[in-house]
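Take a look at the structure below.
Here is the naming used below: chain letters follow the sequence lines, and residue numbers restart at 1 for every chain. Computed from heavy atoms alone, side chains included, the values below leave out hydrogens, waters and symmetry copies.
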Number of protein chains: 2
Amino acid sequence: MNTIIHPSTPTGVNIVPFVSVDNMMRLVLHVGVETFLAELAAYIEDDFRRWERFDKTPRIASHSREGVIELMPTSDGETYGFKYVNGHPKNTKDGLQTVTAFGVLSNVHTGYPALLTEMTILTALRTAATSAVAAKYLAPENADTMAIIGNGAQSEFQAIAFKALLGVDRLRLFDVDPSATAKCAANLEGHGFKIAACRSAQEAVEGAQILTTATADKQYATILTDNMVGSGVHINAVGGDCPGKTELHRDILLRSDIFVEYPPQTRIEGEIQQLDPDHPVEELWQVITGRAAGRTGPSQMTLFDSVGFAIEDFSALRYVADKLSAAPYFDELDMLADPDDPRDLFGMLMRAKGAD
Amino acid sequence: MNTIIHPSTPTGVNIVPFVSVDNMMRLVLHVGVETFLAELAAYIEDDFRRWERFDKTPRIASHSREGVIELMPTSDGETYGFKYVNGHPKNTKDGLQTVTAFGVLSNVHTGYPALLTEMTILTALRTAATSAVAAKYLAPENADTMAIIGNGAQSEFQAIAFKALLGVDRLRLFDVDPSATAKCAANLEGHGFKIAACRSAQEAVEGAQILTTATADKQYATILTDNMVGSGVHINAVGGDCPGKTELHRDILLRSDIFVEYPPQTRIEGEIQQLDPDHPVEELWQVITGRAAGRTGPSQMTLFDSVGFAIEDFSALRYVADKLSAAPYFDELDMLADPDDPRDLFGMLMRAKGAD
């Protein structure tokens, strides 16, 4: 099923497995999207438990007027991974993606890349899986209803992940563009949800124990205002993820217990950029390891201020690499020069003349 | 001649051209290694002229006991490039390369990757081309004889680059391992050199106007001592390129006018890590643009303390990308998800089920 670039070449040290977009889709469908999200969530949770073992570098961003290109590296001392990701909001009007991504996993002991993969689809999956992991610890008990405000590319993945991990099966959808809501509802047909398409954010939050905001505008927006949010809910704020881009009114933040991935990054990119730099927040990994409390009671308002962190991409790369051993949805790329004598790169080059 | 992964797919926005090791060798041989080095040197010189236009980030290193994995990004505001490179000295004894590398070039305006290529061979070429560019400005006039101390993977590329740019056609080779010298001499046969294999570094430098050191030991070594180096020579120090790895005796540095790529990086990684942090150095780009003097007379001793900088990799990526339009030595990778509706990533995934 997978296409091999050089079928005659046995897999050698020069070869890096490559997961194309086509193969990523095949892999996800082969595993099943709900199972994929549940298994990926387990990898993310495992890596959050080992949080202290990771190199945590802030992402390296190259900004331009139109967007940003970022490299997000991390390592657990055994394996190294990085993601390349861009963010260009104006791409959409040229028929291009706002965000594209690819990633690499390497062996720390040799420095050799062991996997190259598309990560546009994979990032959508890991973002949803991370939200669901956080909600396992933060959402009210037996929550079965989620409002999703912003019904774009991330919305269906959020829905499936919350169903897989928490059993959420009632959705209340709202988007300023009703066609986005229609698309989301149609895509989720047959996945076991009871879906209400709502005409306002206010209507969407009615009766929902979990409020997911996943809008795309690059601006200070107020998707939720204070009066819309009752006590006891869990807010899963996914869309605000860069300086100048937020979704929640500041008053909501002041009433919530706030949980984040990596404070130095979230204070710049997350909802909490609206707050004082020393406003108290909890780190999700500390909740998962039991060092900090998650939800403590039914009236507590919890907020997961998600921006996406390199370790989640690392977990996703690790999961895909492990899956490939049983489901070989990859091509083999001849990416690493491998002369017989490491000192004889020039000789290898010259001898290629005869071989061609 | 190039293998296409999905021959039936017309090149679309989802496709990234990929230059494998095989295709890089074909491209270099198609262009001719001497022409390739000369043309690449012109790209490097062009980019050094535009030095101030570049983002200059120090490389992002992930260190382990056995080695280092680095990301080297840069951008000129139009194009973004980065190189992944590892350095693992102990790899050699397991039959692996000490250094492997690959690189990516992207469009700053869309964030979309436009090229993925092997860079192990390409880095060897750009290192030699950069040395030759520096020597154009720093070597004594009409220099025709070069000593090369350290006859490993970099040596032949240095020789060919200096022939292409400066007309150097006499080589004096030395390596602590005579088989390395024999390999280098054999590889350069038929390339128009008069070659002397020498039994010591002392013998190699006799009568040479240019001294190239390209040894590989990861330690403080003294390949050249002060008494071996006469006035008027140009030293091209290529091998010392990380903290704890140097090739020249400190006294040589004190007698030389020192030229570097990017001082903040060279003070950590280059020969000048042996000197005070405020020891005066000149930047190569300032010499190339005429803002600083290069060689000022026949008795001046010049030293190019080369460590390799991201802009040189950027030039190499740019050169390869330009070459590919006339010489299509690449594969097409389906690397970027491209749903018809950018908001409908999930729908694209689900529809792939039917397509498979």
Legend entry - Contact listing (chain B partner; residues 120-127 of chain A; heavy atom under 4.5 Å): A:T120, A:I121, A:A124

Legend entry - chain A contacts, top residue of B:N187, B:T110, B:D338 (heavy-atom pairs, under 4.5 Å): B:T110

Legend entry - Main-chain N/O of B:D22 paired with A:D334 side-chain donor or acceptor, under 3.5 Å: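 Flag set: sc A:D334 to bb B:D22 pair under 3.5 Å.
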
Inset, instruction - Please check if the side chain of A:D55 supplies one atom and the backbone of B:S62 the other of a donor-acceptor pair under 3.5 Å. - result: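 No; zero donor-acceptor contacts below 3.5 Å.
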
Inset, instruction - Can you sort out the partners of A:Y84 under side chain to side chain donor-acceptor pair (under 3.5 Å), two or more places apart, ordered by chain and number? - result: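 If we apply the side chain to side chain donor-acceptor pair (under 3.5 Å) test to A:Y84, skipping adjacent residues, the hits are B:S106.
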
Legend entry - Side-chain heavy atoms of B:I60 within contact of A:F82, under 4.5 Å: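 No, side chains not in contact.
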
Inset, instruction - With the side chain counted from C-beta on, respond yes when B:L349 and A:F157 share a heavy-atom pair under 4.5 Å apart, and no when they do not. - result: yes

So which of [options] has the biggest tally of heavy-atom pairs under 4.5 Å with chain B?
{"options": "A:T117, A:V108, A:V28", "result": "A:V108"}
{"options": "A:D340, A:D177, A:V19", "result": "A:D177"}
{"options": "A:K90, A:K183, A:M24, A:E118", "result": "A:K183"}
{"options": "A:M348, A:M335, A:M350, A:R343", "result": "A:R343"}

Inset, instruction - With sequence neighbours excluded, tell me which residues meet side-chain contact (heavy atoms from CB on, under 4.5 Å) with A:H63. - result: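 Testing A:H63 for side-chain contact (heavy atoms from CB on, under 4.5 Å), a comparison that skips the adjacent residues, returns A:A61, A:V68.
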
Distance-only check: which donor-acceptor pairs under 3.5 Å involve side-chain atoms of residues 94-103 of chain A, not counting sequence neighbours?
from	atom 1	to	atom 2	distance (Å)
A:T98	OG1	A:T92	OG1	3.2
A:T100	OG1	A:N86	OD1	2.6

